[in-house]
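Some notes on the structure that comes next.
Here the structure is a predicted model, which means the values were calculated and not measured.
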Amino acid sequence: VQLQASGGGLVQAGDSLRLSCAASGGTFSRYGMGWFRQAPGKEREFVASINRRGSLNYVDSVKGRFTISRDNAKNAVYLQMNSLKPEDTALYYCAADTEGSGVTLSGLYDYWGQGTQVTVSS
């Protein structure tokens, strides 16, 4: 399974971005998909996930601002990010969990994309 994340960029506080993650190989519809992020000097943290049935999880800091979704026909998962804040600045990764659970623990994900940079200026 290969994952290709895209859509990052430099924006101002309050702006929006939509990240995309295209998957190839494997059976995408069976996977749980997650978004994680890592800021400089910090550990990678869970952002959002969607399991194979469409159930969602979010870290508290993004609830109400970020929305994860998937399109199984396109083998893609998205992260719509609204009302961006400087503290959202990080390298964002998408990941696939072949068990389909869409868990929050990074160690349970089997495949990772290369990351896309999101920078939010104040």
Side-chain angles (χ1 to χ4, degrees):
V1 176
Q2 293 186 326
L3 303 174
Q4 180 74 36
S6 62
L10 172 61
V11 297
Q12 294 186 333
D15 286 350
S16 298
L17 278 176
R18 186 191 193 210
L19 305 185
S20 299
C21 176
S24 59
T27 307
F28 179 80
S29 62
R30 295 181 181 177
Y31 299 158
M33 299 298 297
W35 285 97
F36 292 79
R37 65 187 179 187
Q38 187 167 18
K42 295 187 177 181
E43 294 187 352
R44 187 176 300 184
E45 70 165 344
F46 168 79
V47 177
S49 68
I50 182 168
N51 72 8
R52 59 185 177 185
R53 297 179 178 83
S55 295
L56 311 177
N57 277 309
Y58 297 96
V59 67
D60 286 347
S61 60
V62 308
K63 285 180 180 177
R65 300 189 298 123
F66 290 12
T67 303
I68 188 171
S69 62
R70 66 189 298 160
D71 186 337
N72 290 338
K74 295 183 178 180
N75 288 355
V77 63
Y78 308 99
L79 186 67
Q80 177 67 43
M81 306 186 295
N82 299 329
S83 303
L84 283 161
K85 304 176 180 180
E87 51 263 42
D88 295 318
T89 295
L91 189 61
Y92 283 71
Y93 298 90
C94 61
D97 149 39
T98 57
E99 292 294 321
S101 301
V103 295
T104 64
L105 298 176
S106 61
L108 297 180
Y109 283 80
D110 304 290
Y111 300 98
W112 292 81
Q114 85 291 357
T116 185
Q117 179 67 39
V118 173
T119 303
V120 185
S121 64
S122 58

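- With a 4.5 Å cut-off on side-chain heavy atoms, L84 and F66 count as touching.
- The number of heavy-atom neighbours closer than 6.0 Å to CD of E99, taken from other residues, nucleotides and ligands shown, is 12 or below.
- Residues F28 and V1 form no side-chain contact, since every pair of their non-hydrogen atoms from C-beta on lies 4.5 Å or further apart.
- K63 pairs by the side-chain hydrogen bond (donor to acceptor under 3.5 Å, both in side chains) definition with D60, not counting sequence neighbours.
- For the residue pair T104/N57, the side-chain donor-acceptor check at 3.5 Å is not satisfied.
- Judged purely by atom type and a 3.5 angstrom limit, T89 uses its side chain to pair as donor or acceptor with the backbone of V120.
- Looking only at side-chain heavy atoms (C-beta outward), Y31 and D110 stay at 4.5 Å or farther from each other.
- Residues meeting the side chain to side chain contact (heavy atoms under 4.5 Å, CB included) test with A95, sequence neighbours left out: F36, Y109, W112.
- For D88, the salt bridge (Lys or Arg N to Asp or Glu O under 4.0 Å) criterion is met by R37, R65, not counting sequence neighbours.
- Residue S6 is tested with C94, C21, S20 for a side-chain contact (heavy atoms from CB on, under 4.5 Å); the sole match is S20.
- Atom CD of Q114 is surrounded by more than 12 heavy atoms from other residues, nucleotides or ligands within 6.0 Å.
- Following chains of ILVMFWY side-chain contacts shorter than 4.5 Å, one cannot reach Y78 starting from L19, and the two form parts of different hydrophobic clusters.
- At distances below 3.5 Å, at least one donor-acceptor pair connects side-chain atoms of R70 with backbone N or O atoms of N51.
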Item to complete: Please report the C-alpha distance between F46 and V103 in whole Å, then the side-chain angles of each, then the deciding distance to 0.1 Å, and finally whether the side-chain contact (heavy atoms from CB on, under 4.5 Å) criterion is met.
Response: CA-CA 9 Å; F46 168 79; V103 295; over 6 Å; no

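- Both V59 and L105 are members of a single hydrophobic cluster when ILVMFWY side chains are connected at heavy-atom separations under 4.5 Å.
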Worksheet item: Could you walk me through whether I50 and I68 pass the side-chain contact (heavy atoms from CB on, under 4.5 Å) check?
Response: CA-CA 7 Å; I50 182 168; I68 188 171; 3.7 Å; yes

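- Looking at every heavy atom in both residues, L3 comes nearest to A23 through CD2-CB, 3.6 Å.
- Between V47 and L79 the shortest side-chain heavy-atom distance falls below 4.5 Å.
- One finds the OG atom of S101 at 7.0 Å from the CZ atom of R52 (value rounded to the nearest 0.5 Å).
- V62 and L56 fall within the same hydrophobic cluster, where Ile, Leu, Val, Met, Phe, Trp and Tyr residues are linked whenever their side-chain heavy atoms come under 4.5 Å apart, directly or through other members.
- Using modelled atom types, no side-chain atom of Y93 and backbone atom of A5 make a donor-acceptor pair closer than 3.5 Å.
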